[in-house]
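Along the sequence shown, residues are numbered consecutively beginning with 1.
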Amino acid sequence: QSHWALAGLKVMAGKVATREGITLRGSADIVAQFFSYGINSILYQRGIYPPESFTRVQKYGLTMLVTTDVDLNNYLKNVVGQLKDWLCNHFVQRLVVVVNSIETNEVLERWQFDIECDKTMTENSEAREKSEKAIQDEIRSVIRQITATVTFLPLLDAACSFDLLIYTDKDLEVPEMWEESGPQFINNSEEVCLRSFTTTIHKVNSLVAYKKIDSY
């Protein structure tokens with residue numbers, strides 16, 4: 001197992017699930033799109049970027065906030081595009097959003113998304129039966145939980161930055177813009193499990209770990 005970091009959306013148009021069911025590529029699109037919106041939501045909710053640099057859009061039956069920062073937008077587009085390709089090839093095991101203190105570089109939060117994949121599914125496999133609405137209902141529950149975490153997560157009162165870690169199969173050849181990284185764990189942390197969602201091909205389980213408030 002290896003982890004790769006790209007130190008650091010307007011999202012793809014068009015339907016990713018059709019009446020015929022969920023294909024491998026369609027499932028990868030759904031999961032990558034979730035990460036696009038989910039990462040944006042985390043960056044907004046945790047104040048990593050100023051609130052005025054986000055705009056409101058409708059998705060999953062919710063009002064979502066996505067960045068208008070050009071550099072961040074391009075960064076996330078690159079991540080999501082690469083992630084989609086790796087998901088189609090069953091290479092991805094986990095995505096982690098790591099929040100660090102800029103001053104001390106200490107890890108304060110880890111948003112971990114574990115990805116289970118049915119590796120028997122190929123581009124030529126018969127589509128799976130699950131409606132787009134059912135999947136979006138599950139994703140909406142996860143996004144709502146991300147939003148609700150502000151009620152219990154410690155206030156990030158120092159300036160913070162973020163890294164994205166993607167855990168992949170060990171022998172994967174990665175693009176030059178990515179570099180190998182350590183897991184960036186938190187010392188003395190609490191963990192809260194969040195909801196999961198599944199396309200029947202990919203299942204995403206999520207949790208947030210954060211530094212105990214008395215250990216800052």
Side-chain angles (χ1 to χ4, degrees), residues 1-6 8-43 57-62 64 66-67 72-97 111-144 146 164-178 194-206:
Q1 187 185 71
S2 298
H3 0 89
W4 301 91
L6 185 58
L9 278 172
K10 308 287 185 185
V11 179
M12 302 71 67
K15 291 194 173 180
V16 289
T18 69
R19 270 183 223 160
E20 290 74 36
I22 306 296
T23 63
L24 176 59
R25 188 161 296 279
S27 177
D29 285 348
I30 290 169
V31 174
Q33 192 176 72
F34 160 75
F35 283 126
S36 172
Y37 282 110
I39 294 167
N40 267 288
S41 185
I42 291 166
L43 298 181
V57 298
Q58 294 298 312
K59 185 66 178 174
Y60 309 124
L62 300 170
M64 305 290 298
V66 296
T67 184
L72 178 58
N73 224 329
N74 289 335
Y75 169 87
L76 292 179
K77 280 182 180 176
N78 287 334
V79 169
V80 170
Q82 182 63 75
L83 188 61
K84 196 186 304 184
D85 180 60
W86 285 346
L87 285 165
C88 279
N89 289 286
H90 311 300
F91 291 149
V92 183
Q93 302 163 7
R94 175 180 297 165
L95 180 143
V96 184
V97 181
W111 296 79
Q112 180 173 306
F113 301 92
D114 291 334
I115 301 163
E116 299 173 22
C117 181
D118 181 352
K119 293 193 174 185
T120 66
M121 194 72 177
T122 69
E123 294 276 12
N124 300 318
S125 297
E126 189 173 336
R128 297 286 177 81
E129 289 301 320
K130 186 163 185 176
S131 72
E132 184 176 11
K133 181 184 182 303
I135 297 168
Q136 293 209 351
D137 286 348
E138 292 176 14
I139 292 175
R140 181 165 60 245
S141 295
V142 179
I143 296 290
R144 279 180 167 154
I146 291 173
L164 288 182
L165 309 182
I166 295 183
Y167 288 58
T168 67
D169 290 348
K170 197 174 181 75
D171 298 328
L172 179 66
E173 196 170 313
V174 299
E176 285 185 6
M177 68 180 70
W178 292 80
L194 306 177
R195 291 180 184 272
S196 63
F197 76 90
T198 179
T199 66
T200 73
I201 299 169
H202 296 98
K203 182 179 181 183
V204 178
N205 303 297
S206 47

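- A distance of 4.0 Å separates CD1 of Ile30 from CD1 of Ile135, quoted to the nearest 0.5 Å.
- Under a 4.0 Å N-O distance rule, the pair Asp29/Arg25 does not qualify as a salt bridge.
- Ser125 contributes a side-chain N or O that, together with a main-chain N or O of Thr122, makes up a donor-acceptor pair within less than 3.5 Å.
- The closest donor-acceptor contact from the side chain of His90 to the backbone of Thr120 lies at 3.5 Å or more, if one exists at all.
- The structure places CD of Gln82 at 12.5 Å from CG of Leu164, a figure rounded to the nearest 0.5 Å.
- Using modelled atom types, one side-chain atom of Ser206 and one backbone atom of Arg195 make a donor-acceptor pair closer than 3.5 Å.
- Rounding to the nearest 0.5 Å places OG1 of Thr23 at 12.0 Å from CD of Glu126.
- A heavy-atom distance below 4.5 Å is found between the side chains of Phe34 and Val142.
- Between the CG atom in Leu87 and the OG1 atom in Thr199 there is a gap of 9.5 Å [rounded to 0.5 Å].
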- Task: Would you please test Asn40 and Met64 for side chain to side chain contact (heavy atoms under 4.5 Å, CB included) and show each step?
- Result: CA-CA 9 Å; Asn40 267 288; Met64 305 290 298; over 6 Å; no

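- Considering SG of Cys88 and NE2 of His202, their distance stands at 7.0 Å, rounded to 0.5 Å.
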Requested in this report: Determine, stepwise, if the pair Asn73 / Lys77 fulfils side chain to side chain contact (heavy atoms under 4.5 Å, CB included).
Outcome: CA-CA 6 Å; Asn73 224 329; Lys77 280 182 180 176; 4.1 Å; yes

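- The aromatic rings of Phe35 and Phe113 sit perpendicular, their planes meeting at an angle over 60°, well past the 30° parallel limit.
- Formation of a donor-acceptor pair under 3.5 Å by the Lys130 side chain with backbone atoms of Thr198 is found in this model.
- Here the NZ atom belonging to Lys59 is positioned 8.0 Å from the CD1 atom belonging to Ile139, to the nearest 0.5 angstrom.
- For the pair Leu43 and Thr67, the minimum side-chain heavy-atom distance is 4.5 Å or more.
- Under the 3.5 Å distance criterion, the side-chain polar atoms of Arg128 are left unmatched by any main-chain donor or acceptor of Ile22.
- Judged by distance alone, the side chain of Asn205 and the main-chain N or O of Ser196 form no donor-acceptor pair under 3.5 Å.
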Worksheet item: Do Phe197 and Val31 pass the side chain to side chain contact (heavy atoms under 4.5 Å, CB included) test, and can you show the C-alpha distance, the side-chain angles, and the key distance before you say yes or no?
Response: CA-CA 9 Å; Phe197 76 90; Val31 174; 4.3 Å; yes

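- The two residues Ile201 and Ser27 have their closest heavy-atom pair at CB-OG, 3.6 Å.
- In this structure a side-chain-to-backbone donor-acceptor pair under 3.5 Å is missing from Gln112 to Arg94.
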Inset, instruction - Walk me through it: do Trp111 and Ile146 pass the test side chain to side chain contact (heavy atoms under 4.5 Å, CB included)? - result: CA-CA 10 Å; Trp111 296 79; Ile146 291 173; 4.1 Å; yes

